[in-house]
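Bear in mind the structure is a predicted one, so any value in this text is a computation, not a measurement. In what follows, every chain begins at residue 1, and chains take the letters A, B, ... in the order their sequences are listed.
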2 protein chains.
Amino acid sequence: MSVISIYKCLCDEQRLRILNLLREGPLCVCHLMEILEADQVKISKQLRYMKDLGVVEGERHAQWMIYRLADEGHPLLTENLKCLQDCAGESLALAEDLRKRRAVTAHARRTNPVCAEALEA
Amino acid sequence: MSVISIYKCLCDEQRLRILNLLREGPLCVCHLMEILEADQVKISKQLRYMKDLGVVEGERHAQWMIYRLADEGHPLLTENLKCLQDCAGESLALAEDLRKRRAVTAHARRTNPVCAEALEA
DNA sequence: AGAGTATATTCCAAAACAAGAATATCCAGT
DNA sequence: ACTGGATATTCTTGTTTTGGAATATACTCT
């Protein structure tokens, strides 16, 4: 995972939002779809793009693919995601995304325990 | 200057190196060419790209165009440029570029005082 | 085996970007 | 007005990235 790769991921709003979400822990595609209100193909493609650059990793758990930040997170990426909380502020709805994230995963724990459990692993 | 714009500039090696150089103060195109060992058109195009995104500003001084970071530098950009010194390390020759920068501007002060002076303004 | 859910891949057209060559502009000095 | 230096723009072509539609794969449950 090179410095340039990290910036290539961050330079697109949707990818940036995905990384911001993964910062708080792994997520499966269906949760990302729900939080970002985007269709499945688009999300999958973004994840593929970032996986090819080594920024993100995916692991299958039953029928779900759980994605997480690769490498325990390169320091540059970690720093940026932290910084973005304050810097981005209004324009990108990062805080809002995180709020949704909690709602979605909490809900999943009830409706879809198998998937929810995979997130812990 | 948006967050995404900043990352769009940082996600290309040459642009990143230019920003790293501008962090220490304004420079004119001919100095950038010399330090990065790149041809004029390529540098001009990168500067144009970054200017259109509002990340960089240019001002004419006689026949020279002096470029600098816009806006006194967005905090996110500032943070990244600082962080990169350590993070990037070997792969990108950022420290080396800065060394060259000092040599080039020092030399300019002797051979081309008019241009050199414009950098101070 | 068959059906359903979750996710990935492929194909194709559009847009953005990059690189090189040629040319244009702006300014200073004569 | 003319020349030369510094910089910008235009044109063309090739590559990367994006977006939508269709399709394929992987896994689970019955």
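Nearest nucleotide to the side chain of B:K42, out of C:dA19, D:dC27, D:dT7: C:dA19.
Straight-line distance from the CD atom of A:Q63 to the C1' atom of C:dA6: 6 Å, rounded to whole Å. Rounded to whole Å, the distance from CD on B:E34 to C1' on D:dA6 is 14 Å. The separation between B:M50 atom CE and C:dA16 atom P is 20 Å, rounded to whole Å. The distance from atom CH2 of B:W64 to atom P of D:dG4 is 17 Å, rounded to the nearest whole Å. If you take CZ of A:R60 and C1' of D:dT28, they are 11 Å apart, rounded to a whole angstrom. The separation between B:R15 atom CZ and C:dA18 atom C1' is 9 Å, rounded to whole Å. Rounded to whole Å, the distance from CD1 on A:I66 to C1' on C:dA6 is 11 Å. In this structure, B:K8 atom NZ and C:dA15 atom P are separated by 15 Å, rounded to whole Å.
Judged by distance alone, the side chain of A:R15 and the main-chain N or O of A:L47 form no donor-acceptor pair under 3.5 Å. B:T78 contributes a side-chain N or O that, together with a main-chain N or O of B:H74, makes up a donor-acceptor pair within less than 3.5 Å.
B:Q40 contributes a side-chain N or O that forms a donor-acceptor pair with the base of D:dA8 under 3.5 Å.
At a threshold of 4.5 Å between side-chain heavy atoms, the hydrophobic network of Ile, Leu, Val, Met, Phe, Trp and Tyr places B:V41 and B:I18 in two separate groups.
Comparing B:V41 and B:Y49 by the nucleotide of DNA chain C that holds the closest heavy atom to each, the one mapping nearer the 5' end is B:Y49.
Counting non-hydrogen atoms of neighbouring residues, nucleotides and ligands closer than 6.0 angstrom, the CZ atom of A:R48 reaches no more than 12 such neighbours.
Counting non-hydrogen atoms under 4.0 angstrom, B:K51 reaches nothing in the nucleic acid. B:K45 comes within 4.0 angstrom of a nucleotide base, judged by non-hydrogen atoms across all strands. B:C115 comes within 4.0 angstrom of nothing in the nucleic acid, heavy atoms only.
Residue A:R48 has no polar side-chain atom (N or O) positioned under 4.0 Å from OP1 or OP2 of C:dA8.
Judged purely by distance below 3.5 Å, without hydrogens or angles, the side chains of A:Y7 and B:N80 pair a donor atom with an acceptor atom.
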